[in-house]
Amino acid sequence: MAVLADSGSNPDVDLLYDINGLAKDAPHWFDRVMEFVGEYGLLLAMVLLVLWCWWSVRRRGGEDAASSMAALVWAPLAAGLAVLVNVPIRGFVERPRPFVDHQGLDVLVSGKSDFSFVSDHATITMALGVGLFVANRRFGLAGIGLALLEGFCRVYMGVHYPTDVVGGFALGTAVVLLLSPPATALLTPLIRAVERSPRLGRLVRRRPAAENGGDNTLLPSARKSVETEERDLAA
């Protein structure tokens, strides 16, 4: 198909040059930091945020632990599904990377030869962010913030148009929200079955001390005191 943005008069291209132009004025070390953050760092931060949310939901427990955990499990599954949906979209649009059609960009990452629309990084991070929001609003807002930063980094690095990023945000959000009801309906019974498991149940919610047998264990000195009291009462 025709390139979505093929002229410098296009607002998409103008915004690309404006954001990427910041890289030309920035120190070399800052560009290297942005390269790592945009390529790997924010994806790693999203994974850590998902694990943190899991730990928080597990620690809180409660009657809704299974449903919250099901929504949390759906987040990475939705991100993976969104990337798969993006495969035919990229092949249909066939939009080259911006540095192929536009000169003067400061490209921080070399070797990008695949198509540009839509951004996989933006799709994954926004799907994880929205998925986290469904499970826990506090963590979800943090995840959406990281996704927005990821989108900015991809344009700053000169490897995506702004509309590539917006398209990724839309795709990730759509997959999470549209498929969330049936996905959580299928995952919740499975998570509840795991919760009832003696060994795997701790993945869903923390076991109370009494349930683990901690309250029923007495120190030797305490056990002797109890036995002495029982003998005195019997006498």
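Computed from heavy atoms alone, side chains included, the values below leave out hydrogens, waters and symmetry copies.
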Treating [X] as the side-chain partner and [Y] as the backbone partner, does any N or O pair qualify as donor plus acceptor under 3.5 Å?
{"X": "His160", "Y": "Arg97", "value": "no"}
{"X": "Asn20", "Y": "Tyr156", "value": "yes"}
{"X": "Ser56", "Y": "Trp52", "value": "no"}
{"X": "Thr184", "Y": "Pro181", "value": "yes"}

Report yes if some heavy atom in the side chain of Cys153 is under 4.5 Å from a heavy atom in the side chain of Leu42; otherwise report no.
yes
Quick check: do Glu150 and Ile124 have side-chain heavy atoms less than 4.5 Å from each other?
no
CG on Leu186 to CD1 on Ile191, rounded to 0.5 Å
11.5 Å
Rounded distance [0.5 Å steps], CG in Leu49 versus CG in Asn136
9.0 Å
Pick from Thr125, Leu146, Leu128: which one makes a side chain to side chain contact (heavy atoms under 4.5 Å, CB included) with Leu43?
Thr125
Cluster link Val155 to Phe115, ILVMFWY, side chain under 4.5 Å
no
Scan residues 30-49 for pairs that pass salt bridge (Lys or Arg N to Asp or Glu O under 4.0 Å), counting only residues two or more places apart or in two chains.
Arg32-Glu35, Glu39-Lys112, Glu39-Arg154
Who passes salt bridge (charged side-chain N to carboxylate O under 4.0 Å, His left out) against Arg90, sequence neighbours left out?
Asp114, Asp120
Hey, would you say the Tyr161 and His102 ring centroids sit under 6.0 Å apart?
yes
Chi angles and distances behind the side-chain hydrogen bond (donor to acceptor under 3.5 Å, both in side chains) call for Asp164, Ser119
CA-CA 5 Å; Asp164 297 339; Ser119 167; over 6 Å; no
Does the side chain of Thr123 come under 3.5 Å of the side chain of Asn86 through a donor N or O and an acceptor N or O?
no
